[in-house]
Protein chains: 2
Amino acid sequence: MASLGDLERSVMDLLWDSAEPLTANDLRDDLAALGTDAKELAVTTVLTVLARLEKKGLVERERTTRPHRYAASSSREDHTVGLLNDALGTAQDREAVLARFIGGISPDEAASLRAILDSVKSA
Amino acid sequence: MASLGDLERSVMDLLWDSAEPLTANDLRDDLAALGTDAKELAVTTVLTVLARLEKKGLVERERTTRPHRYAASSSREDHTVGLLNDALGTAQDREAVLARFIGGISPDEAASLRAILDSVKSA
DNA sequence: CCCTCTCTTTTACATGCCGTAGAAATATTG
DNA sequence: CAATATTTCTACGGCATGTAAAAGAGAGGG
C-alpha cells in the first residue's frame with residue numbers, strides 16, 4: 001500500500017475528520033489553523049498533494065462542482081486495517097506476530113479484544 | 001520506524017532466516033540464488049545496504065572477525081510487531097481498528113487469537 | 001619490510017517520492 | 001469580453017534507495 005508523507009498525512013487527517021467533502025481552499029485554511037505552525041501553503045501545493053492522493057486511490061474528487069471537492073475514499077479505520085495487513089504480510093508467521101502483539105497490549109485492550117472476538121463468533 | 005526498500009527487505013529476510021551471522025559475500029550469493037532472478041550484485045552493493053540497515057538499528061555487525069559478520073538485531077516477529085504498532089499509531093481509535101481487523105480474519109485465526117488471549121489472561 | 005590479495009570505507013550517480021509552488025490553461029461571473 | 005477563480009502543467013530541491021566504482025586498510029607470503 002501507499003505510505004504517506006507528512007503533508008499527505010495531514011490532508012488525509014482533515015478529510016477523515018470532515019463529514020463533508022472539502023475544497024483545496026478549505027484544506028489550505030484548515031492546515032494553516034493546525035497547531036501554531038502558521039504554515040499558509042499555496043493552494044497549488046494542496047492541489048498537488050490531492051492529485052497524488054487521488055492517484056493513490058485514497059481520495060475521491062467531485063469534478064462536477066466547480067471548486068472540486070475532495071473526500072477520503074475509505075475511513076481512517078479501514079485504511080489503518082489495510083496498513084495492518086500490509087505489515088502482517090501474507091506471511092505464515094502471522095500467529096507468532098499476533099501472539100507477541102497481544103503480549104504487549106494493555107489488559108483493557110485485551111478485554112475489549114476478547115469482547116470483539118466473542119461478537120464475531122456469535123455472528 | 002524505518003521502512004525498507006526491496007533489497008533491504010531481501011537482505012533482512014535472509015538474515016532472519018539464518019541461524020548464523022552472515023558475511024556480505026554470503027548474502028550476495030544467497031541473493032543470487034533467490035528466485036530465478038540471477039541478480040549477481042556487487043559485494044559493495046550488499047555492504048552499502050548492510051551499513052544502512054545497521055544505521056537503522058536493524059542489523060548488528062561483528063567487527064572483530066575479519067570478514068565482518070552481520071545478524072538481525074531483532075526477530076522478524078518483533079520487527080513486525082513494531083510495524084503493527086506504528087500502523088496503529090498512538091491514535092485513539094485503536095479499538096475500532098482492531099474490531100475491523102478481526103472482522104476480516106479467518107475463523108482459524110480468530111480461534112488462535114482467542115487461545116492466545118486466554119493464555120495471556122492466565123499469566 | 002614490501003607486495004598482493006581481500007575486505008571495508010568513501011564517494012557517486014540514477015531514480016523515484018514528496019513538499020513546495022510559479023506559469024500556463026481553463027472556467028466562472030459580472 | 002474582461003477580470004477573477006480554479007485547475008493543470010511544469011519544475012526544482014531534498015531525501016531514500018539501488019547500484020557500484022574508486023580508494024583506503026589490514027594480513028599473510030616472500
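We name chains A, B, ... by the order of the sequence lines, and we start the count at 1 in each one.
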Interatomic distance, B:Leu53 atom CG to B:Leu58 atom CG [nearest 0.5 angstrom]: 6.0 Å
A:Asp6 has an atom CG; how far is it from atom P of D:dC15, in whole Å? 13 Å
Separation of atom CE in B:Met12 from atom P in D:dG18, rounded to whole Å: 13 Å
Protein-nucleotide distance (A:Leu50, atom CG; C:dC18, atom C1'), rounded to Å: 14 Å
Using 0.5 Å steps for rounding, measure from the CG atom of A:Leu7 to the CG atom of A:Leu41. 6.0 Å
Does any non-hydrogen side-chain atom of A:Thr80 lie less than 4.5 Å from one of B:Arg100? no
When you measure from the side chain of A:Asn25, which nucleotide among C:dC18, D:dT6, C:dG19 comes out closest? D:dT6
What does A:Arg63 touch in the nucleic acid at a heavy-atom separation under 4.0 angstrom: a base, only the sugar-phosphate, or nothing? sugar-phosphate
Taken to the nearest whole Å, CG/A:Asp26 to P/D:dT7 is 11 Å
Rounding to a whole Å, what distance do you find between B:Glu54:CD and C:dT8:P? 12 Å
Rounded to the nearest 0.5 Å, how far apart are CD of B:Glu109 and CZ of A:Arg94? 4.0 Å
Its contact letters, B for base, S for sugar-phosphate only and - for none at protein heavy atoms under 4.0 Å, make nucleotides 20-29 of chain C read BBBB---SS-
Closest to the side chain of A:Ser3, out of C:dC18, D:dT7, D:dG18, is C:dC18
Using only side-chain N and O atoms of B:His68, determine if any of them is under 4.0 Å from OP1 or OP2 of C:dC7. no
What's A:Lys55 touching, base or sugar-phosphate or nothing? Going by heavy atoms closer than 4.0 Å. nothing
Pick out which of A:Val11, A:Leu47, A:Leu14 makes a side chain to side chain contact (heavy atoms under 4.5 Å, CB included) with A:Tyr70. A:Leu47
Rounded to whole angstrom units, what separation is found between the CG atom of B:Leu47 and the C1' atom of D:dT19? 13 Å
Between D:dT19 atom P and B:Leu53 atom CG, what is the distance in whole Å? 13 Å
Looking across every strand, which nucleic acid part, if any, lies under 4.0 Å from B:Arg61 by heavy atom: base, sugar-phosphate, or nothing? sugar-phosphate
Nearest-0.5 Å distance that lies between atom CD in A:Glu95 and atom OG in B:Ser112: 3.5 Å
Does some side-chain heavy atom of A:Leu31 sit less than 4.5 Å from a side-chain heavy atom of A:Ser10? yes
Find the distance A:Arg9:CZ to C:dG19:C1' and express it as a whole number of Å. 17 Å
